[in-house]
Amino acid sequence: MVIRPFYAGWDRYNQAIIDVFGTMSPEQLAIKPAADGWPIWATVGHTAGGRVYWLCGVLGEPGAETTPFVDPLTGLGWEDDLDTPRGATELVGALESSWRIIEGCLDRWTPAMLEETFVREVASGRQLHTRQSVLMRLLSHDAYHCGELSQTLGIHGLPQIDLWPPQSVEDTNRLRNDV
């Protein structure tokens, strides 16, 4: 048994982000929540890059080369180069390619694999992480930045990200069949 059924619906987060930011203009993507905050494009890029960092860099999963973040352990992401704004097409590509890595994990990993421990070397020392802790980190990271981005969008009168849109009976039945 693989773990995908336990994370059913997470894919909607990714699609909701794509739906909102995939058609935005460069001017809209440049909006910041505050004068010293990241522009929208950087936060969206950071969200996608975090997936690659943790899954490919820390856990050693394949697929970084299929994303814009081919060397994930550098810790440098798009948000670190604010002089190179990213457009909607680039953001969609980063979100889709990083999501494929998550899907691969959900389709390969079993419940027994979730407790496997990995060591992460950081300046302050060694940290231990399990596959489960990384998945929970990524899921909550996606949700955290969706909330942050939605607040910024709302302040500027733009459509917000709806992670929990009302579902029709057909959608509910489809989700049940996917599980």
Side-chain angles (χ1 to χ4, degrees), residues 10-106 118-127 129 131 133-163:
W10 186 5
D11 59 328
R12 290 185 310 203
Y13 286 24
N14 191 62
Q15 191 57 53
I17 300 169
I18 289 170
D19 290 346
V20 170
F21 300 108
T23 59
M24 283 194 163
S25 70
E27 294 76 26
Q28 291 170 320
L29 291 170
I31 293 171
K32 295 179 178 183
D36 61 344
W38 283 343
I40 287 172
W41 68 261
T43 302
V44 174
H46 164 78
T47 302
R51 298 166 174 178
V52 180
Y53 171 81
W54 282 98
L55 292 172
C56 300
V58 176
L59 300 187
E61 287 294 318
E65 69 283 353
T66 68
T67 75
F69 314 101
V70 295
D71 193 6
L73 282 179
T74 65
L76 298 175
W78 285 351
E79 69 277 13
D80 297 303
D81 182 9
L82 296 177
D83 292 330
T84 307
R86 305 301 175 157
T89 302
E90 287 178 287
L91 294 173
V92 168
L95 290 164
E96 288 176 342
S97 61
S98 64
W99 182 253
R100 283 191 294 273
I101 295 168
I102 292 172
E103 284 187 312
C105 295
L106 298 179
F118 295 81
V119 176
R120 177 180 175 221
E121 301 285 345
V122 294
S124 61
R126 296 167 46 108
Q127 299 176 342
H129 299 277
R131 291 177 194 270
S133 72
V134 169
L135 287 178
M136 292 305 296
R137 176 184 293 258
L138 293 176
L139 192 147
S140 61
H141 187 253
D142 282 8
Y144 173 87
H145 286 302
C146 283
E148 175 187 31
L149 290 161
S150 285
Q151 187 174 29
T152 301
L153 293 169
I155 289 168
H156 292 278
L158 295 168
Q160 297 177 34
I161 305 165
D162 188 356
L163 294 181

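The basis for the numbers below is simple: all heavy atoms, side chains too, and nothing from hydrogens, waters or symmetry mates. A quick note: this is a predicted structure, and the numbers were derived from the prediction, not measured. Throughout, residue positions are numbered sequentially from 1 according to the sequence presented.
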Testing the basics here: between [X] and [Y], what is the closest heavy-atom pair and its distance to 0.1 Å?
{"X": "Lys32", "Y": "His156", "value": "O-NE2, 3.8 Å"}
{"X": "Ala64", "Y": "Ile101", "value": "N-CD1, 4.1 Å"}
{"X": "Pro72", "Y": "Cys56", "value": "CG-CB, 4.1 Å"}

> Can you list the residues that meet the ring-ring contact (aromatic ring centres under 6.0 Å, His included) rule with His129, with sequence neighbours excluded?
Replying inline: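 Only Trp54 meet the ring-ring contact (aromatic ring centres under 6.0 Å, His included) criterion with His129.
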> With sequence neighbours excluded, what pairs up with Trp78 under the ring-ring contact (aromatic ring centres under 6.0 Å, His included) test?
Replying inline: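 Once residues adjacent in sequence are excluded, the partners of Trp78 under the ring-ring contact (aromatic ring centres under 6.0 Å, His included) criterion are Phe69.
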Value rounded to 0.5 Å, distance of [atom1] in [X] from [atom2] in [Y]:
{"X": "Thr47", "Y": "His145", "atom1": "OG1", "atom2": "NE2", "answer": "4.5 Å"}
{"X": "Leu138", "Y": "Ser98", "atom1": "CG", "atom2": "OG", "answer": "9.5 Å"}
{"X": "Thr43", "Y": "Leu91", "atom1": "OG1", "atom2": "CG", "answer": "10.0 Å"}
{"X": "Leu73", "Y": "Arg120", "atom1": "CG", "atom2": "CZ", "answer": "9.5 Å"}
{"X": "Tyr13", "Y": "Ile102", "atom1": "OH", "atom2": "CD1", "answer": "12.0 Å"}
{"X": "Cys146", "Y": "His141", "atom1": "SG", "atom2": "NE2", "answer": "10.5 Å"}

Could you check whether any side-chain heavy atom of [X] comes within less than 4.5 Å of a side-chain heavy atom of [Y], counting everything from C-beta outward?
{"X": "Leu158", "Y": "Ile31", "answer": "yes"}
{"X": "Trp10", "Y": "Leu163", "answer": "no"}
{"X": "Cys105", "Y": "Glu61", "answer": "yes"}
{"X": "Ile40", "Y": "Leu153", "answer": "yes"}
{"X": "Leu82", "Y": "Pro39", "answer": "yes"}

I'd like to know if the side chain of [X] and the backbone of [Y] have a donor-acceptor N/O pair within less than 3.5 Å.
{"X": "Arg51", "Y": "Leu95", "result": "yes"}
{"X": "Asn14", "Y": "Asp11", "result": "no"}
{"X": "Ser150", "Y": "Ile161", "result": "yes"}

> Between Asp81 and Thr84, do the side chains contain an N or O donor and an N or O acceptor separated by less than 3.5 Å?
Replying inline: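 The answer is yes; a qualifying pair exists.
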>> Heavy-atom count check: over 12 atoms from other residues, nucleotides or ligands less than 6.0 Å from Gln151 CD?
In response: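 No, because the 6.0 Å sphere around CD of Gln151 holds 12 heavy atoms or fewer from other groups.
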>> Walk me through whether Trp99 and Ile18 qualify under side chain to side chain contact (heavy atoms under 4.5 Å, CB included).
In response: CA-CA 11 Å; Trp99 182 253; Ile18 289 170; over 6 Å; no
> For Phe118, which residues count as a side chain to side chain contact (heavy atoms under 4.5 Å, CB included) partner, sequence neighbours excluded?
Replying inline: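 For Phe118 the side chain to side chain contact (heavy atoms under 4.5 Å, CB included) partners, ignoring immediate neighbours, are Leu59, Glu116, Arg131.
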